[in-house]
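Structure first, then comments.
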Amino acid sequence: MAGLAIAFGSGAMTNSIAEIEHNDVLLIIGSNTTEAHPVIGQKMKQAARRGAKLIVVDPRRIELVDYACLWLPIRPGTNVALINALMYVIITEGLVDKEFIAERTEGYDNLWSVVQNYPPERVAGITGVPAEDIRAAARLYATTDRAGIFYTLGITEHTSGTNNVMNLANLAMITGHVGKEFSGVNPLRGQNNVQGACDMGALPDVFPGYQKVANPEVRERFAAAWNCRLDGTSGLRIPEMIDLAAEGYIRAMYIMGEDPALTDPDITHVRKALANLDFLVVQDLFISETAKFADVVLPGASFLEKDGTFTSTERRVQRVRQAISPRGESRPDWQIIGDLATRMGYPMEYNSPEQIFAEMAGLTPSYAGMSYERLAGDGLQWPCPAPDHPGTKFLHAGKFPRGKGLLQGIEYQPPAEVTDEEYPILLTTGRMLYHYGVTTRRSAALESYRPEEYAEINPAQAAELGVKTGDKVTVVSRRGRLVTRVQVTDRVPPGIMFMTYHYKESPVNILTNAAFDPVAKTAEYKVAAVRLEPAG
Amino acid sequence: MADVTLTIDGKKITVPAGTTVLQAAREKGIFIPTLCHDPKLSPWGGCRLCVVEIEGMRGLPASCVTTATEGMVVQTASPAVLEARRMLLELLLANHPQDCLTCSKNGACSLQDYAYYYGVRGDQFQGEKHAYPVEADNPFIVRDLNKCVLCGKCIRVCDEVQVNNAIDFAHRGFNTRVTPAMDLSLKESEACVFCGNCVQVCPVGALVEKASLWQGRQWELTKVRTTCTFCGVGCNLEVSVKDDRVVRVRGYDNPLVNNGWLCVKGRFGADFADSPERVARPLIRTGARGEGRFREATWDEALDYTARRLTEIKEQYGSRAIAALSSARCTNEENYLMQKFMRAVIGSNNVDHCART
Ligand code: SF4
Ligand code: SF4
Ligand code: SF4
Ligand code: FES
């Protein structure tokens with residue numbers, strides 16, 4: 001969420017799920033919500049029923065398009081240009097919120113100096129979206145009071161991901177659509193506790209609560225609480241860890257509940273790096289693709305088998321409660337980490353997750369007012385700085401954490417990889433309804449219903465290859481090749497195909513590109529140039 | 001909005017204008033049975049079990065679709081009302097397969113409860129029974145339309161909540177049934193997304209979670225409120241457990257988040273916990289890296305080995321030669337501990353997690 005952190009000073013969904021019911025415009029960009037966040041998708045469809053207007057920006061004809069008043073079928077990787085054109089229309093037609101810009105933001109001139117070069121006619125050529133539709137979307141969004149933006153992986157997993165998000169923040173700020181109920185900038189977080197993992201400081205540059213490791217005062221506070229010395233230099237991000245492991249500088253890794261050998265881009269490179277380690281410990285429920293490289297596999301317990309908390313996409317901290325005992329000899333991850341620390345000479349003896357939560361809340365201002373007792377009911381949304389604070393439904397009322405919101409012009413840059421004669425098709429990847437990461441592959445019910453990949457290809461491509469739904473094809477990129485079954489559908493336009501990343505039998509990340517967003521270090525999962533060949 | 005005052009069973013009740021007679025009665029704790037009513041769905045007034053007597057009104061109006069008015073006088077259990085309800089229940093039972101002994105819904109079935117409450121045995125009429133085949137061609141939901149009481153709640157939840165319109169009433173009279181278009185099965189129809197929200201509202205045993213069949217009686221289940229693990233929405237779950245096994249998952253009514261509704265993953269995906277592929281014991285590698293060959297070890301052995309190797313590597317190459325991936329699936333407490341472990345024990349800020357999305 002680096003983009004929002006730069007623009008506002010903190011990165012999280014600004015509004016709440018329950019507010020969707022009262023939105024009049026929903027600008028949904030790069031989010032196949034009904035499959036990736038189905039219960040939010042329901043609410044969006046309900047809103048459309050009630051008369052809310054949906055503007056859907058997506059290359060594919062996703063389900064929400066059926067409920068949309070405007071569908072902008074954008075060429076993958078061209079979001080920045082589109083958003084610039086929306087702002088061009090809003091500014092040139094005088095639809096901006098002058099008061100908001102004057103009082104709450106800085107950098108307007110810088111923004112305009114860039115945006116002025118993006119008239120809809122030019123951008124239509126870049127994005128493939130007709131200029132008239134760009135104008136209509138801009139007017140509708142700018143002139144509706146309760147207008148919210150919703151986006152997800154579709155927009156962050158590009159080399160320009162951080163820019164995309166900053167540009168959405170620009171759009172919301174110049175129209176005064178942030179800092180109040182029913183309007184804001186809302187990243188829908190994919191995994192159940194991405195928000196929490198970030199909040200807890202599972203990031204190389206911050207302690208819990210986004211407190212910088214580089215700040216000596218912060219470091220002192222944590223050093224005192226933890227009774228240890230602390231490094232003030234930011235650590236490595238995943239792609240750097242992988243590169244340095246491949247080069248032999250990183251010697252050991254401890255991987256908990258993640259499967260980079262399947263889900264990270266360019267997995268051939270990832271697997272080489274893992275094989276090169278002196279020592280790898282993997283803590284997981286299953287022998288994941290990553291665990292196959294491990295020296296030690298430690299069996300963790302599932303969410304049904306332990307207590308704790310998750311923080312949802314709307315910043316809501318909610319209780320996880322143990323329903324069944326850990327299977328086999330598996331143990332909750334918090335116990336394993338604590339035991340390991342103790343064995344390494346640093347006693348970490350907690351009786352319960354509640355005790356850990358209390359320690360964390362004492363060091364994390366945005367969680368300071370929370371306790372298991374207060375979370376017992378419907379949870380609390382951060383920031384919740386004091387025991388009598390009710391939690392925060394929407395962010396940035398009156399003021400941004402960084403003071404004034406930062407408007408910053410952003411130039412469009414073509415995706416790191418573009419199609420050519422050899423690789424003429426753009427592959428985009430994402431989630432589907434019946435699976436989540438790889439866990440659901442172990443659900444007998446879900447797996448039996450959707451046991452394998454059906455890559456979506458357009459009828460034009462299918463005719464060229466002479467394949468029909470259910471047939472197999474080979475997909476080839478500059479990095480690798482795989483075989484998959486196809487579904488022939490006009491959900492995808494000609495020249496674009498779609499695959500999910502749930503299947504190790506057709507691991508899409510053999511094909512994807514490890515070119516990284518320079519700020520957030522999220523990879524370009526979304527766009528890779530490929531060609532199709534007959535299977536065999 | 002202005003208030004109105006009405007009298008129900010001799011009690012004066014003041015409610016906001018627009019309140020239904022049913023709502024008003026329930027607010028005062030007065031019992032009225034319902035089959036087709038659900039406060040989270042639009043009112044329909046189709047089952048007529050909620051009928052009451054209202055002074056000055058002809059017939060017996062259905063309380064769930066009758067708005068309370070000033071001065072209204074309502075009887076919820078007059079002889080005429082009780083007679084009408086008994087007759088309705090007799091008719092429903094007349095063509096209901098009375099196999100409560102082995103029905104999954106036994107103990108949590110509205111039809112059963114009301115029959116008991118009103119002393120209706122279902123032996124008044126010899127009704128014709130349906131002989132629909134039980135639909136079980138999908139892995140999630142079993143549909144036994146022989147038990148359907150045509151309350152229409154599943155249709156409304158699919159339409160109003162899931163906004164999917166996969167099912168509707170079809171055919172007439174005795175043959176009226178709930179079905180996807182063309183009498184296809186849910187699976188064949190390709191319109192159903194198996195959210196299972198229809199199962200959750202069905203008052204009888206017509207819609208049942210397949211995995212829960214034969215796994216436990218309603219009164220044997222312990223219910224635990226928790227949070228879904230399959231995406232960032234954070235839906236609240238009610239997990240039902242018997243003998244340390246999950247029998248079924250339903251949506252917990254948190255109106256701020258999911259309001260009781262779920263998607264296919266949250267409702268039907270929890271069986272991954274009992275997958276035979278779960279790692280049961282700590283493992284130590286025996287084969288080449290990437291091969292995935294291991295031997296089992298005790299926790300002591302595995303943890304001591306790990307502690308020793310990490311300490312050695314830290315001493316030989318320094319703290320920054322070690323890196324960790326935390327998990328966007330694990331709890332806050334576990335993420336907190338993982339970064340604390342890396343920073344305080346290993347001495348490095350090399351901690352990150354996979355999806356910064
Ligand atoms: S499972 Fe969901 S989509 Fe399918 S019929 Fe029931 S409510 Fe409709
Ligand atoms: S299947 Fe259940 S919910 Fe649907 S109409 Fe029949 S009884 Fe009512
Ligand atoms: S039930 Fe579905 S929508 Fe709700 S949190 Fe779980 S996966 Fe997400
Ligand atoms: S509950 Fe009122 S008519 Fe069915």
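Atom set for the values below is all heavy atoms of this structure, side chains included, hydrogens, waters and symmetry mates excluded. Because the structure is predicted, anything quoted here is derived from the model rather than measured.
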Test of ring centre spacing under 6.0 Å for A/Y249 and B/Y317: no
Proximity of A/Y350 and B/Y336 rings by center, below 6.0 Å: no
Leading residue by heavy atom contact count with chain A [cutoff under 4.5 Å; candidates [options]]:
{"options": "B/T286, B/N138, B/N258, B/D271", "result": "B/D271"}
{"options": "B/E291, B/R285, B/E333", "result": "B/E333"}
{"options": "B/M342, B/K340, B/R245", "result": "B/K340"}
{"options": "B/V233, B/I346, B/I322, B/N197", "result": "B/V233"}

Taking [X] for its side chain and [Y] for its backbone only, find out whether a donor-acceptor pair lies under 3.5 Å.
{"X": "B/R289", "Y": "A/L277", "answer": "yes"}
{"X": "B/D244", "Y": "A/S325", "answer": "yes"}
{"X": "A/Y67", "Y": "B/V163", "answer": "yes"}
{"X": "A/D378", "Y": "B/N254", "answer": "no"}
{"X": "A/R189", "Y": "B/G232", "answer": "no"}
{"X": "A/K45", "Y": "B/Q162", "answer": "yes"}

salt_bridge([X], [Y]) N-O dist < 4.0 Å:
{"X": "B/D274", "Y": "A/R442", "result": "no"}
{"X": "B/E160", "Y": "A/R49", "result": "no"}
{"X": "A/D259", "Y": "B/R329", "result": "no"}
{"X": "A/D231", "Y": "B/R320", "result": "yes"}
{"X": "B/R278", "Y": "A/E329", "result": "no"}

Determine, stepwise, if the pair A/N193 / B/N332 fulfils side-chain hydrogen bond (donor to acceptor under 3.5 Å, both in side chains). CA-CA 8 Å; A/N193 201 30; B/N332 286 326; 3.2 Å; yes
Between A/M360 and chain B, with a heavy-atom cut-off of 4.5 Å, which part of the residue counts as in contact: side chain, backbone, both or neither? both
Under 4.5 Å from any heavy atom of chain A - which part of [X]:
{"X": "B/L237", "answer": "side chain"}
{"X": "B/A344", "answer": "both"}
{"X": "B/V224", "answer": "side chain"}
{"X": "B/F341", "answer": "both"}
{"X": "B/R308", "answer": "neither"}
{"X": "B/C195", "answer": "neither"}
{"X": "B/V241", "answer": "side chain"}

[X] versus [Y], closest heavy-atom pair with distance:
{"X": "B/A270", "Y": "A/L304", "answer": "O-CD1, 3.8 Å"}
{"X": "B/V161", "Y": "A/Q46", "answer": "O-NE2, 2.8 Å"}
{"X": "A/E258", "Y": "B/A328", "answer": "OE2-N, 3.1 Å"}
{"X": "B/N350", "Y": "A/G235", "answer": "OD1-CA, 3.3 Å"}

Which residue out of A/A261, A/A294, A/P260 racks up the most heavy-atom pairs below 4.5 Å with chain B? A/A294
Geometric cation-pi criterion, B/R343 with A/F222: 6.0 Å, 45°: no
In terms of the angle between their ring planes, are B/F272 and A/F303 parallel, tilted or perpendicular, with boundaries placed at 30° and 60°? parallel
